[in-house]
Amino acid sequence: MSTLFDLPQHGSSRSERSEAAGRPGPDPEHLLTGLNPQQRDAVVHTGSPLLVVAGAGSGKTRVLTHRIAYLLANGAHPGQIMAITFTNKAAAEMKERVVELVGRRANAMWVSTFHSMCVRVLRRECKTLGLSSSFSIYDADDSRRLITMIARELELDSKRYPARTLAVQISNLKNELVDPETAAERAGNDMERKVAQVYEAYQRRLADSNALDFDDLIMRTVELLQHHPAVAEHYRRRFRHVLVDEYQDTNHAQYVLVRELVGTGPTDSGVEPAELCVVGDADQSIYAFRGATIRNIEEFERDYPQARTILLEQNYRSTQTILSAANAVIRRNPNRRDKRLWSDAGDGEAIVGYVADNEHDEAAFVAGEIDRLVDDGTATFNDIAVFYRTNNQSRVFEEVFIRLGLPYRVVGGVRFYERREVRDALAYLRVLDNPDDTVSLRRILNVPKRGIGDRAEAVVAAHADQERISFASALRQAAAGKVDALNTRARRAIAGFVDLLDELRSVAVESDVAEVLEQVLERTGYRAELDASDDPQDATRLENLTELVTVAREFTEARGGGAEPTGGEAEPSAEAVVAAATPAAEDAEEETLGLPADDSLSAFLERVSLVADADSLPESGDGVVTLMTLHTAKGLEFPVVFLTGWEDGVFPHMRALGEPAEQAEERRLAYVGITRARQQLYVSRALMRSAWGQPMTNPASRFLTEIPEELVQWRRVEPERAAPQVRSTWGGRRADRTGSDSAQAGLAAHGMRSTPAKGWKDAVAIKLAAGDRVTHDKYGLGTVLSTEGEGPRATATIDFGSAGTVKLMLIGSVPLTKL
DNA sequence: CGTGCATTAGTCGCC
DNA sequence: CTAATGCACG
């Protein structure tokens, strides 16, 4: 079996790179060999915007890298090229592959994520926007902390207006490029009004802290380009080729950013629009919940009327059997550009299906198969991945794997940069770098514990507010005894803290990042505290901090000597950072980030905050089975893939059952999952699964029934006994949930062998038609507006008057009576 | 005695 | 993960 990833591994490509470095540009035609006709078209196309619709496994990265190389070989200067990706890993990989093709001069290109690209622009143009160049970048966690503080100050009911919800809403507004003022004007209900109010305060506080959040990076760059034509023209003149990867994952702000960057017509002084090439696949758009809008790729031709579209349908990854299954499932999505993946690799093995009694049985089956595959030499552990819909489904697999001694790793969990100790340490660095960074300052105020409690913090915050000074200044005044509301004890504690920061700051001016970090850990007592603890978790924390110091050291070395970091024994996460943080991979061109060359602290923090955001997906493990969610699996491939938990309510997720748009997204997720497999695909479901401590009977996933029967070889089907128990297992406890939720519990599960629709009919309790009057246990009286679907899929949209209009599934347990 | 710290329990469930 | 409790220190 082949390797997991068909890209060169880090180590092996280095020699090729240096060889290529000396070579002049390659013969352009040479870059076209080995490409199929569509790929070739995409590489050579010129003169109008280009949309490359790249099906899963169709050689998308190859097209992008070859297109860039081809541009370079035909006279484009590397400095004229900007390529935008969604992850740092993708950016690094793309750059590396272009370097392999054309040599080192490719390093002068801007190949980066949307966010890194914006930071770069913003650092250079910060004065235009009234920012200081040492602005901090707040990630989602920092944002939420700040929003929590604001909500508390505004005395919002934390139950009605949870910080999390507020944060999401504000982020959505920013993704739509809506400013606080407009948000306030548009607010139509209580929630929206509160959101607008918090949003307004939040932006003010960000500015006070000299900070931008992740969404700001995009929004402010758009603002810059829109309001400062000279700046826009500068970039447009410079970047004549803009390429965007994973275009289906862009949100509205990113769409506008690209449009502003490229331009839609000549500027005043006659700079023509740049050449735009976007690559993506609407069928793999699975990030709507993050604000991505599939519209951008679907409407590309409308946005850019001159656009040419090229479809890549030949797949180089999977067997035809797998592709046929993927095609059959995704075909059910409405309003989609028809696209059929095909392969000349042959049919390969049939898909193996398995109906388990419960989730433990399912896990045991998966484990057994893995054991067998590895035993008979069909696959290695590395070749195998197990996917599930939500993270909590991993537990049962872990249990079985541990019991059987199968090596595995769960991808997902808490990432390196989200660990508390790492964030604490970084918060110290950030405060040293940007004293106004209030979120970081308040984070470390009493970490480790030094006797500055909530009350003292609140007093200082109030003082800052009253005197209209920064929190940092207020702290200083408190230390000097100028804040009356504080008692001596708190005052002394604060004075100690301020002194500590001053000491550290003097260390920071003369030492490199690693040393500063060391001193932080020493002088704050952070390390000592962990050392003293006998909690095994704290030992891990200590290791993580040591790892962070290593990252910092390698960063400094790489930056100083230009030497590649070795990263030999570092953890994958650390390696990923260093790889992305290596300035050697940065532009060697004249214009740099606008950072003082010696300001390694700022540079380090910036890199870390941008890398931390990436769904840093760790390189293939060492002889272990990979467990992850379907979302995480995107962009990866494995010879053997287990798709588990294919049950209505689990996958598609409960929440999506009544929502066509969400269901379409779930179906795309299924498509992504199926197309990760190269040779062997397994699909399984469990008849019974405990959820929230209660057993639930789940019917087969509708996606399962959409896979043509002839492609699947069922290893075990549902026992053909009498119609299974249909009684709801739900207590009244959850009767307050939506109707379709509780309806789930009653869905009867049937086997897959005979035509399922017939078997299901019995479970349908009620037949309704538009106009029928009904009564519902929770919603009361209602009128049926419309009905959809048949058998187990039957739903009705019912107007319950003041209780609202609700879509319900019409099965067994739904507490609905026809009048 | 007041203030702050640590430890519990109930809340939960979202990629 | 937050509120509510007991415990310790100035």
Side-chain angles (χ1 to χ4, degrees), chain A residues 86 140-141 144-145 147-149 151-152 156-165 167-169 171-172 249 284-292 387-395 410-415 418 420 445-460 485-497 529 532-533 535 538 615 617 627-636 643-645 649-657 659 661-673 676 689-694 696 730 733-734 736-738 741 744:
Chain A
F86 268 83
D141 185 69
R144 227 201 44 245
R145 283 177 100 92
I147 287 169
T148 307
M149 286 184 217
R152 219 173 268 155
L156 296 186
D157 177 0
S158 66
K159 291 277 190 301
R160 267 182 76 189
Y161 307 103
R164 198 185 154 69
T165 310
V168 167
Q169 305 261 32
S171 174
N172 287 343
D249 289 337
Q284 292 184 66
S285 164
I286 55 173
Y287 286 113
F289 68 92
R290 278 195 203 162
F387 301 158
Y388 33 80
R389 176 64 179 79
T390 56
N391 268 317
N392 58 16
Q393 289 168 256
S394 73
R395 213 195 74 244
V410 179
V411 179
V414 184
R415 293 184 297 235
E418 287 168 3
R420 197 183 66 207
L445 188 60
N446 200 28
V447 178
K449 300 262 176 283
R450 51 174 70 91
I452 309 174
D454 291 344
R455 197 188 138 72
E457 184 183 343
V459 168
V460 173
L486 283 176
N487 59 26
T488 346
R489 189 155 72 130
R491 206 209 81 225
R492 289 183 44 168
I494 291 173
F497 176 64
E529 191 183 67
S533 160
D535 184 342
D538 287 334
D615 336 19
L617 226 254
L627 273 59
M628 63 177 120
T629 65
L630 285 164
H631 279 95
T632 318
K634 186 169 167 215
L636 303 180
L643 300 173
T644 66
V650 175
F651 182 53
H653 198 271
M654 223 149 60
R655 197 191 41 228
L657 287 173
E659 301 286 329
E662 294 209 36
Q663 205 182 113
E665 175 134 326
E666 296 277 314
R667 189 174 276 107
R668 291 193 289 268
L669 202 49
Y671 173 79
V672 166
R676 297 310 97 194
R689 182 180 295 274
S690 1
W692 305 291
Q694 302 211 341
M696 281 193 37
W730 297 58
R733 198 166 75 75
R734 296 186 60 86
D736 58 336
R737 304 284 293 200
T738 68
D741 282 6
Q744 270 317 295

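First the proteins, then the strands, lettered A, B, ... as listed; each starts at 1. Atom set for the values below is all heavy atoms of this structure, side chains included, hydrogens, waters and symmetry mates excluded. Predicted model only: the values in this text are computed from it and were never measured.
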Nearest-Å distance for atom pair NE2/C1', residues A/His653 and B/dC15: 8 Å
Side-chain donor/acceptor contact of A/Arg290 with base of B/dC15 under 3.5 Å: no
Atom CZ of A/Arg492: over 12 foreign heavy atoms under 6.0 Å: no
Separation of atom CZ in A/Arg164 from atom P in B/dC12, rounded to whole Å: 13 Å
Rounded interatomic separation in angstrom, taking OH from A/Tyr388 and P from B/dG13: 20 Å
Positive for side-chain contact (heavy atoms from CB on, under 4.5 Å) with A/Ile286, one of A/Arg668, A/Arg667, A/Glu666: A/Arg668
Length of the line joining A/Glu662:CD and B/dC15:P, which is rounded to integer Å: 14 Å
Touch class at under 4.0 angstrom, heavy-atom based, for A/Ile286 against every strand present: nothing
Residue whose closest nucleotide on DNA chain B lies nearer the 5' end, A/Gly453 versus A/Asn392: A/Gly453
Distance in angstrom units between A/Arg455 CZ and B/dG2 P, rounded: 11 Å
Presence of A/Lys449 side-chain N/O under 4.0 Å of B/dA6 phosphate oxygens OP1/OP2: yes
Backbone of A/Phe387 reached by a side-chain donor or acceptor of A/Thr644 within 3.5 Å: yes
Sugar-phosphate only, base, or nothing, as touched by A/Ala456 at under 4.0 Å among non-hydrogen atoms: sugar-phosphate
Verify stack between A/Phe289 ring and B/dC15 base, 5.5 Å, 30 degrees: yes
Trace of the side-chain contact (heavy atoms from CB on, under 4.5 Å) decision for A/Asn446 with A/Phe497: CA-CA 9 Å; A/Asn446 200 28; A/Phe497 176 64; over 6 Å; no
Atom-pair distance (CZ on A/Arg489; C1' on B/dC1), nearest Å: 12 Å
Upstream residue (5' side of DNA chain B) when A/Leu669 and A/Ala490 are each assigned their closest nucleotide: A/Ala490
Value in whole Å for how far the P atom of B/dC15 lies from CD of A/Glu659: 19 Å
Intermediate values then yes/no, side-chain contact (heavy atoms from CB on, under 4.5 Å), A/Phe289 and A/His631: CA-CA 11 Å; A/Phe289 68 92; A/His631 279 95; 3.5 Å; yes
Rounded distance in Å - CZ (A/Arg492) to P (B/dT3): 18 Å
